[in-house]
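Lettering follows sequence order; numbering is per chain, from 1. Note that the structure is a prediction, hence the values are computed from the model and not measured.
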2 protein chains.
Amino acid sequence: MSEEQLQQDFALALHDTARAWRHALDRRLKGLGLSQASWLSIAYLAKAPAPMTQTELAHCLSVEQPTVVAMLDRLQRAGLLRREIDAHDRRIRRVLLTPEGIEVYAEVRRVAMDFRHEKLKELDVEVLRQITGVLQQLQRTLEDPIP
Amino acid sequence: MSEEQLQQDFALALHDTARAWRHALDRRLKGLGLSQASWLSIAYLAKAPAPMTQTELAHCLSVEQPTVVAMLDRLQRAGLLRREIDAHDRRIRRVLLTPEGIEVYAEVRRVAMDFRHEKLKELDVEVLRQITGVLQQLQRTLEDPIP
DNA sequence: TGCAATTACTTAGATGGCTAAGTATAAGAG
DNA sequence: CTCTTATACTTAGCCATCTAAGTAATTGCA
């Protein structure tokens with residue numbers, strides 16, 4: 001197989017596997033009414049030591065601000081969080097999970113952890129570590145603004 | 001690092017790297033007015049030995065039929081393809097690239113190939129081969145309807 | 001042969017991503 | 001102190017994906 005063909009296969013496998021992962025996890029989370037993106041938002045909010053701003057959340061998730069706005073709108077409608085205007089800077093909204101949001105996070109966290117374990121347990125730990133490292137390095141290369 | 005943490009890091013790296021790849025390639029293709037998904041559709045259509053049906057294209061791309069419908073609507077509006085009702089089965093629309101579509105494919109193919117080479121050339125071929133294999137295997141596991 | 005089931009495509013409406021442009025507020029330069 | 005600039009969020013509008021439900025045409029069984 002030519003190097004060119006291999007590079008094409010890799011690009012396709014990266015794309016398809018990421019989608020298959022998201023899709024399979026979304027199906028698993030469907031009963032809880034949350035998709036992977038929503039869950040990730042809630043996870044970062046739950047783990048933060050203090051209420052985050054929307055911009056901080058956008059950085060954590062590596063998405064743009066309007067994406068966060070829409071996501072929070074949905075989660076707020078679902079009663080899982082609320083926004084509070086910062087006391088010292090009226091431009092800033094701090095995002096807080098509601099008790100219901102905290103509860104949902106606990107359940108979803110377990111489901112996601114089980115899912116990862118179930119899908120990855122067959123893989124050798126060293127292989128997984130190596131692949132993770134290569135992907136992280138590739139990600140940095142891709143985000144390099146030079147290209 | 002615990003195995004659990006490693007699995008979490010892998011899941012995140014898979015998701016983020018796939019998005020970074022798509023994003024970087026989309027930026028590169030923007031001058032040509034095509035996103036990665038559009039380009040992939042055109043590539044399959046260009047390489048097919050005979051005009052494909054929309055269902056066949058959906059299978060190639062591993063997406064659902066409505067996704068293909070929307071994609072083809074856009075590409076048709078852009079003048080890159082047309083649909084023709086099959087002579088023997090009036091339910092079927094065969095998709096044909098226009099001369100302009102064929103031209104665009106030739107350009108985009110070169111850009112995508114250069115992009116892949118540029119981003120992956122630093123990686124050892126054997127490592128790339130191994131990762132591709134693991135991702136493909138994982139994808140099959142994820143698509144397994146059992147879970 | 002005729003109607004039920006299947007198949008191919010479309011429409012409707014949701015999620016999740018983007019860019020570009022708008023609004024409100026704070027910070028800083030002069 | 002004022003006016004420009006920068007920051008935080010929102011809105012508007014697009015692309016890509018999904019599921020569910022609808023339409024048109026064919027297949028196939030009784």
### Task
Compare side-chain N and O positions of B:His59 against OP1 and OP2 of C:dA8 and report whether any pair is under 4.0 Å apart.
no
### Task
Mind calculating the distance between NE2 (A:His88) and P (C:dT25) to the nearest angstrom?
17 Å
### Query
Can you find a side chain N or O atom of A:Gln65 that sits less than 4.0 Å from OP1 or OP2 on C:dC18?
no
### Summary
Rounded to whole Å, the CZ-P distance (B:Arg19 to D:dT17) equals 15 Å
### Query
Judged by modelled atom types alone, do B:Gln65 and B:Thr55 share a side-chain donor-acceptor pair under 3.5 Å?
yes
### Message
How many whole angstroms separate atom CD of A:Glu64 from atom C1' of C:dG22?
### Response
17 Å
### Query
Is there a side-chain polar atom (N or O) of B:Thr55 under 4.0 Å from OP1 or OP2 of C:dC9?
yes
### Distance below 4.0 Å between A:Gln36 side-chain N/O and C:dT15 OP1 or OP2
no
### Task
Quickly work out the A:Asp73 CG to D:dA12 C1' distance and round it to whole Å.
14 Å
### Task
Grab the CZ-P distance between A:Arg27 and D:dC18 for me, whole Å please.
11 Å
### Task
Take B:Leu142 and A:Phe115, measure what side-chain contact (heavy atoms from CB on, under 4.5 Å) needs, and give me the verdict at the end.
CA-CA 10 Å; B:Leu142 289 164; A:Phe115 177 82; 3.8 Å; yes
### Query
Rounded to whole angstrom units, what separation is found between the CG atom of A:Leu81 and the P atom of D:dC9?
13 Å
### Message
Without decimals, in angstroms, what is the distance between B:Leu25 CG and C:dG17 C1'?
### Response
16 Å
### Query
Closer to the 5' end of DNA chain D via nearest nucleotide, is it B:Arg90 or B:Met71?
B:Met71
### Task
For the pair A:Ser38 (side chain) and A:Leu34 (backbone), establish whether a donor and an acceptor sit closer than 3.5 Å, ignoring hydrogens and angles.
no
### Nearest-nucleotide 5' precedence on DNA chain D, A:Asp89 against A:Ala70
A:Asp89
### Query
Does OP1 or OP2 of C:dT10 have a side-chain N or O of B:Arg93 closer than 4.0 Å?
yes
### Message
In this structure, how many angstroms lie between the C1' atom of C:dA8 and the CZ atom of B:Arg83, rounded?
### Response
12 Å
### Task
Return the nearest nucleotide to the side chain of B:Arg74; candidates are D:dC15, D:dC18, C:dC18.
D:dC15
Would you tabulate the pairs of protein nitrogen or oxygen atoms and nucleotide nitrogen or oxygen atoms of nucleotides 4-7 of chain C closer than 3.5 angstrom?
{"unit_1": "C:dT7", "atom_1": "O2", "unit_2": "B:Arg91", "atom_2": "NH1", "d": "3.0"}

### Query
In Å, rounded to the nearest 0.5 Å, how long is the span from CG of A:Leu135 to CG of B:Leu12?
11.0 Å
### Under 4.0 angstrom between A:Thr67 side-chain N/O and C:dC18 OP1 or OP2
yes
